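The structure appears below as structure tokens.
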Amino acid sequence: MIDVRSDTVTRPNEKMRAAIASADVGDDVYGDDPTVNALQEFAAELLGHEACLFMPTGTQSNLVALLTHCQRGDEYIVGADAHTYKYEGGGAAALGGIQPQPVPFGVDGGIDLNEVAAVLKEDDVHFARSRLLCLENSQHGRVQSLDSMRAARAFTQEHGLKLHLDGARMGNAAVRLGVSLKAVAQCFDSVSLCLSKGLGAPVGSLLLGDRVFIKEALRWRKVAGGGMRQVGLLAAAGQIALTDGLDRLQEDHDNATFLAERLAGIDGVTVREGWTQTNMVWLDFDQDCGAALTLRARESGVRLSAYGRVCRLVTHCDVNRDDLERVAAVIREFFEQ
Ligand SMILES: *Cc1c(COP(=O)(O)O)cnc(C)c1O
């Protein structure tokens, strides 16, 4: 099976499996796991933040960031199509009493700071307290510029807000921008980063911020059920993902461009122009045929997820150009039959 549903489907490579097998471990709830501690210190240095926490998932990283920045009755401002708002089960509201204030994403997947200014609330008993702005980079595979992130930083400082990055795929964003992870991360008070997507680890995410923030986040991670024990087994794979994974992402981006080119000119299919910036290709169909395509592709050995008139294809370390030729051929055959 060729799987282009997501970059989360990758299997750990031999080097990761060997590192898992030989990892030195301890009880991380006691702070005793040397492999976790080493990863956290390495990542803090790499991203230029004071401290770091290894987390089970990106969803929990974002949730813990929200719980740490915001109190009950506070609000965070977030893109209306953002993962933190739309795809995390309403966790901040359900578990933290934190009110989301969505604002529309622009056509490039960025947030217009004028839109944010327009929804900011005054200090008045009628209103929730505006506390935090959340950005996402990459957003549906599209990358926000360093300038736009720096502008958000200046804006939040001016308005007394904190700034969080849902950087599940910030490695892809940094590679596309040709800058370091640190250059991106330093625009933010806190950053979450997934090890389990394009970087190739089986499990894991990182949350970074200053020492005071991470101390409080450690408490919320425990409350959220994310205090894990001999988790150096996973951190060992995460370390390799962070050390080796970043340099490989350009290949995924090149492969996505290759796939987009192969899909050009099929009747009934539009490749979203300008969206193939990292490891994703987005398609729009003239007809509501997503379910039928998903089924047909599966019968032909390709796993993809198309819904209604939309399809997102994602490249990663377990698909090569031959696989992508096959994906393109299966989609073409479906529409040309
Ligand atoms: C995948 C993803 C997350 C959540 O990560 P999980 O590890 O799947 O919980 C958060 N934000 C974005 C933008 C993502 O793509």
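Predicted, not measured: the structure shown is a model, and the values here were computed from it.
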Please determine whether side-chain contact (heavy atoms from CB on, under 4.5 Å) holds for the pair Val25 and Leu233, giving the CA-CA distance in whole Å, both sets of side-chain angles, and the decisive distance to 0.1 Å. CA-CA 7 Å; Val25 297; Leu233 295 179; 4.2 Å; yes
Give the C-alpha distance, both sets of side-chain angles, the deciding distance and a yes or no for salt bridge (charged side-chain N to carboxylate O under 4.0 Å, His left out) between Asp74 and Lys121. CA-CA 11 Å; Asp74 288 352; Lys121 290 160 190 67; over 6 Å; no
With salt bridge (charged side-chain N to carboxylate O under 4.0 Å, His left out) as the test, would you mind laying out the steps for Arg169 and Asp7 before giving the verdict? CA-CA 10 Å; Arg169 295 189 178 87; Asp7 48 9; 2.8 Å; yes
Leu259 and Thr257: side-chain contact (heavy atoms from CB on, under 4.5 Å), yes or no, with the steps? CA-CA 5 Å; Leu259 177 60; Thr257 303; over 6 Å; no
Please determine whether salt bridge (charged side-chain N to carboxylate O under 4.0 Å, His left out) holds for the pair Asp108 and Arg142, giving the CA-CA distance in whole Å, both sets of side-chain angles, and the decisive distance to 0.1 Å. CA-CA 7 Å; Asp108 62 349; Arg142 297 166 301 171; over 6 Å; no
From CA spacing to verdict: salt bridge (charged side-chain N to carboxylate O under 4.0 Å, His left out), Asp288, Arg309: CA-CA 5 Å; Asp288 179 349; Arg309 294 165 179 250; 5.8 Å; no
Between Glu88 and Asn62, does the side-chain hydrogen bond (donor to acceptor under 3.5 Å, both in side chains) criterion hold? Intermediate values first, please. CA-CA 9 Å; Glu88 294 179 6; Asn62 287 330; 3.0 Å; yes
Where do Leu63 and Trp220 land on the side-chain contact (heavy atoms from CB on, under 4.5 Å) test, with the steps shown first? CA-CA 9 Å; Leu63 173 65; Trp220 283 116; over 6 Å; no
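Taking CZ of Arg129 as the reference point, atom CG of Leu120 lies at 15.0 Å (rounded to 0.5 Å). The line from CD1 of Ile2 to CG of Leu324 is 8.0 Å long, rounded to the nearest 0.5 Å. We find the CD-CD1 distance between Gln99 and Ile77 to be 10.0 Å, quoted to the nearest 0.5 Å. Note that the CG atom of Asp189 and the CG atom of Leu208 stand 12.5 Å from one another [nearest 0.5 Å].
Shown here is Glu325, whose CD atom has more than 12 heavy atoms of other residues, nucleotides or ligands within 6.0 Å. More than 12 heavy atoms of other residues, nucleotides or ligands shown are found within 6.0 angstrom of CZ on Phe127. Under a cut-off of 6.0 angstrom, the local environment of CD in Glu122 is sparse, with at most 12 non-hydrogen atoms contributed by other residues, nucleotides or ligands. Other residues, nucleotides and ligands place no more than 12 heavy atoms under 6.0 Å from the CD atom of Glu45. Heavy-atom neighbours of Arg321 CZ from other residues, nucleotides or ligands within 6.0 Å: above the threshold of 12. Summarising the local packing, CD of Gln287 is surrounded by 12 or fewer heavy atoms from other residues, nucleotides or ligands at distances under 6.0 Å. Atom CG of Asp123 has 12 or fewer neighbouring heavy atoms from other residues, nucleotides or ligands inside a 6.0 Å radius. Other residues, nucleotides and ligands contribute over 12 non-hydrogen atoms within 6.0 Å of the CD atom of Glu336.
Listed for the Arg176 side chain is a donor-acceptor partner under 3.5 Å among the backbone atoms of Gln277. Looking only at distances, no side-chain donor or acceptor of Ser196 sits under 3.5 Å from a matching main-chain atom of Val203. Side-chain atoms of Glu136 come within 3.5 Å of backbone N or O of His83 as a donor-acceptor pair. Remark: side-chain polar atoms of Ser180 are paired, donor with acceptor, to backbone N or O of Ala183 under 3.5 angstrom. In this structure, the side chain of Asp247 does not engage the main chain of Leu249 through any donor-acceptor pair within 3.5 Å. A donor-acceptor pair is defined here as one N or O able to donate and one able to accept, closer than 3.5 Å; no such pair exists between the side chain of Asp284 and the backbone of Val269. Side chain of Gln337 to backbone of Phe334: a donor-acceptor contact under 3.5 angstrom is found. Ser22 contributes a side-chain N or O that, together with a main-chain N or O of Ala18, makes up a donor-acceptor pair within less than 3.5 Å. Counting only distance, with no hydrogens or angles, the side chain of Asn137 and the backbone of Met170 share no donor-acceptor pair below 3.5 Å. Distance alone, capped at 3.5 Å, places no donor-acceptor pair between the Ser300 side chain and the Val302 backbone.
Defined by atom type and a distance below 3.5 Å, a donor-acceptor pair is missing between the side-chain atoms of Ser192 and Ser61. For the 3.5 Å distance criterion, the side chains of Ser130 and Glu75 qualify, holding a donor opposite an acceptor. Side-chain contact check for His164 and Ser190: at least one donor-acceptor pair (N or O, by modelled atom type) lies under 3.5 Å. His316 and Asn279 form no side-chain donor-acceptor contact under 3.5 Å, judged by distance and modelled atom types alone. If you check the side chains of Glu41 and Asn37, you find no donor sitting under 3.5 Å from an acceptor.
The shortest heavy-atom contact between Ala306 and Cys311 is CB-CB, 3.8 Å. Heavy atoms only, all atoms of each residue included: Gly171 and Leu193 are closest at N-CD1, 4.4 Å. Taking every heavy atom of both residues into account, Pro12 and Arg17 meet most closely at O-NE, 3.0 Å. Among all heavy-atom pairs drawn from Ala65 and Leu207, the shortest one is CB-CD1, 4.0 Å. Taking all atoms of both residues into account, the shortest heavy-atom contact from Asn172 to His253 is ND2-NE2, 3.0 Å. Taking both residues in full, the closest heavy atoms of Arg262 and Arg332 are given as O-NH2, 2.9 Å, listed atom of the first, atom of the second, then distance.
A salt bridge is absent between Asp244 and Arg248: the closest approach of a Lys/Arg side-chain nitrogen to an acidic carboxylate oxygen does not fall below 4.0 angstrom.
Tracing side-chain contacts under 4.5 Å through hydrophobic residues (I, L, V, M, F, W, Y), one never reaches Leu132 starting from Val116; they form parts of separate clusters. At a threshold of 4.5 Å between side-chain heavy atoms, the hydrophobic network of Ile, Leu, Val, Met, Phe, Trp and Tyr places Leu195 and Ile214 in two separate groups. Both Leu53 and Val223 belong to a common hydrophobic cluster when Ile, Leu, Val, Met, Phe, Trp and Tyr are linked at side-chain heavy-atom distances under 4.5 angstrom. Ile20 and Val231 are members of different hydrophobic clusters when ILVMFWY side chains are connected at heavy-atom separations under 4.5 Å. Hydrophobic clustering, with ILVMFWY side chains joined whenever heavy atoms are under 4.5 angstrom apart, groups Val191 together with Phe54.
Note on ring orientation: taking the six-membered ring where Trp is involved, the planes of His140 and Trp282 are tilted (angle from 30° to 60°). Taking the six-membered ring where tryptophan is involved, the planes of Phe285 and Phe335 are tilted, since the angle between them lies from 30° to 60°.
Taking the ring centroids of Phe213 and His69, they lie under the 6.0 Å cut-off.
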